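What follows is one structure encoded as structure tokens, with my remarks underneath.
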Amino acid sequence: MNVFVLTGAGVSAESGLGVFRGSGTALWKRYDPMQLATPEAFARDPATVHEFYNARRRNLIAASPNAAHAALVRLEAGLAQRGGALTLVTQNIDDLHERAGSSRVIHMHGELLKARCASCGAVSDCQRDLGVDSRCGCAGALRPHVVWFGETPLYMDEIYAALETADLFVAIGTSGAVYPAAGLVREARMRGVRCCELNLEPSDNAAEFDDRRYGAASEIVPSWVDVILEK
Ligand code: OAD
């Protein structure tokens with residue numbers, strides 16, 4: 001069986017990284033994304049944008065994967081043993097899937113622990129704070145290697161190709177509010193793929209899913225993986 005998993009901020013919530021929408025402490029309730037997560041905001045006030053991502057990067061470096069990340073590692077190994085495969089696509093810019101042990105993670109919204117040159121496009125590892133003086137070898141300004149509002153997500157061809165061979169589509173910890181990620185369930189349905197949602201609460205597009213399980217990711221993802229691997 002080929003399983004396509006799309007994860008969102010909810011899978012990392014119990015690692016202390018916070019979510020964007022929903023609870024009162026959600027990031028986009030406390031901050032205006034138009035001032036922090038757009039190319040225009042970076043052009044206007046790069047220092048403030050860097051400060052926001054520097055704080056998130058420090059928080060990430062101090063965080064650890066949780067039981068939901070670990071369960072997806074177990075799923076990858078279990079499917080491979082049975083001749084299947086896992087495609088793991090994440091909207092998260094954290095590296096907690098990799099640190100848990102997932103072998104290949106498709107980061108459609110980029111990666112916080114990487115920087116990108118705004119001039120030449122070169123991508124480099126980045127564990128440190130960035131500032132307005134941070135420069136690439138070509139002297140171009142460095143920006144976080146993340147996809148901002150108004151920019152095109154990464155790896156979309158690869159993502160749609162993986163959907164073609166999927167037998168099961170599973171969305172975990174995502175509100176279904178941001179496209180094109182939120183539209184992947186519809187693509188899967190159009191191909192006749194069964195769709196399952198694992199989330200704390202019904203997402204914006206919960207009605208699109210055939211199966212739904214609600215609860216904390218650290219509990220519902222391991223138990224769902226048990227069921228899949230027993231089949
Ligand atoms: P959201 O913050 O929009 O949604 C997170 C979802 O996770 C919500 O539906 C929560 O109910 C759920 N959730 C919270 N805690 C959970 C837990 N412990 N277990 C399971 N689920 C839990 O995050 P995303 O859908 O990932 O994009 O957001 C999509 C994109 O919007 C992000 O990648 C980011 C943001 O703006 C960019 O920055 C481009």
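Computed from a predicted structure; not experimentally measured. Note that ligands are numbered from 1 as they come in the structure, with each ligand's atoms numbered from 1 the same way.
- Between Asp94 and Arg56 there is no salt bridge, since none of the side-chain N atoms of the basic residue sits less than 4.0 Å from a carboxylate O of the acidic one.
- Shown here are the salt bridge (Lys or Arg N to Asp or Glu O under 4.0 Å) partners of Asp211, two or more places apart in sequence or in another chain: Arg194.
- Between Val178 and Phe20 there is no side-chain heavy-atom pair separated by less than 4.5 Å.
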Between ligand 1 and the protein, tabulate every N or O atom pair separated by less than 3.5 Å, reporting distance only.
from: ligand 1; atom 1: 2 (O); to: Phe20; atom 2: N; distance (Å): 2.6
from: ligand 1; atom 1: 2 (O); to: Arg21; atom 2: N; distance (Å): 2.9
from: ligand 1; atom 1: 3 (O); to: Arg21; atom 2: NH1; distance (Å): 2.6
from: ligand 1; atom 1: 3 (O); to: Ser175; atom 2: OG; distance (Å): 2.6
from: ligand 1; atom 1: 4 (O); to: Ser175; atom 2: N; distance (Å): 3.3
from: ligand 1; atom 1: 7 (O); to: Gly173; atom 2: O; distance (Å): 3.4
from: ligand 1; atom 1: 7 (O); to: Asn199; atom 2: OD1; distance (Å): 3.4
from: ligand 1; atom 1: 9 (O); to: Asn199; atom 2: ND2; distance (Å): 2.9
from: ligand 1; atom 1: 11 (O); to: Glu201; atom 2: OE2; distance (Å): 2.8
from: ligand 1; atom 1: 18 (N); to: Glu14; atom 2: OE2; distance (Å): 3.0
from: ligand 1; atom 1: 19 (N); to: Ala217; atom 2: N; distance (Å): 2.8
from: ligand 1; atom 1: 21 (N); to: Asn199; atom 2: OD1; distance (Å): 3.4
from: ligand 1; atom 1: 21 (N); to: Leu200; atom 2: N; distance (Å): 3.2
from: ligand 1; atom 1: 25 (O); to: Thr174; atom 2: OG1; distance (Å): 2.6
from: ligand 1; atom 1: 25 (O); to: Ser175; atom 2: N; distance (Å): 3.0
from: ligand 1; atom 1: 25 (O); to: Ser175; atom 2: OG; distance (Å): 3.4
from: ligand 1; atom 1: 26 (O); to: Ala9; atom 2: N; distance (Å): 2.8
from: ligand 1; atom 1: 28 (O); to: Arg21; atom 2: NH1; distance (Å): 3.3
from: ligand 1; atom 1: 31 (O); to: Arg21; atom 2: NH1; distance (Å): 3.1
from: ligand 1; atom 1: 31 (O); to: Arg21; atom 2: NH2; distance (Å): 3.3
from: ligand 1; atom 1: 33 (O); to: Gln91; atom 2: O; distance (Å): 3.2
from: ligand 1; atom 1: 33 (O); to: His109; atom 2: ND1; distance (Å): 2.8
from: ligand 1; atom 1: 36 (O); to: Arg21; atom 2: NH2; distance (Å): 3.4
from: ligand 1; atom 1: 36 (O); to: Trp28; atom 2: NE1; distance (Å): 2.8

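- Contact annotation: the side chain of Val105 approaches that of His107 to within less than 4.5 Å [non-hydrogen atoms, C-beta and beyond].
- Between Glu201 and Arg212, none of the side-chain N atoms (NZ, or NE/NH1/NH2) sits under 4.0 Å from a carboxylate O, so this pair counts as no salt bridge.
- With a 4.5 Å cut-off on side-chain heavy atoms, Leu113 and Ile61 count as touching.
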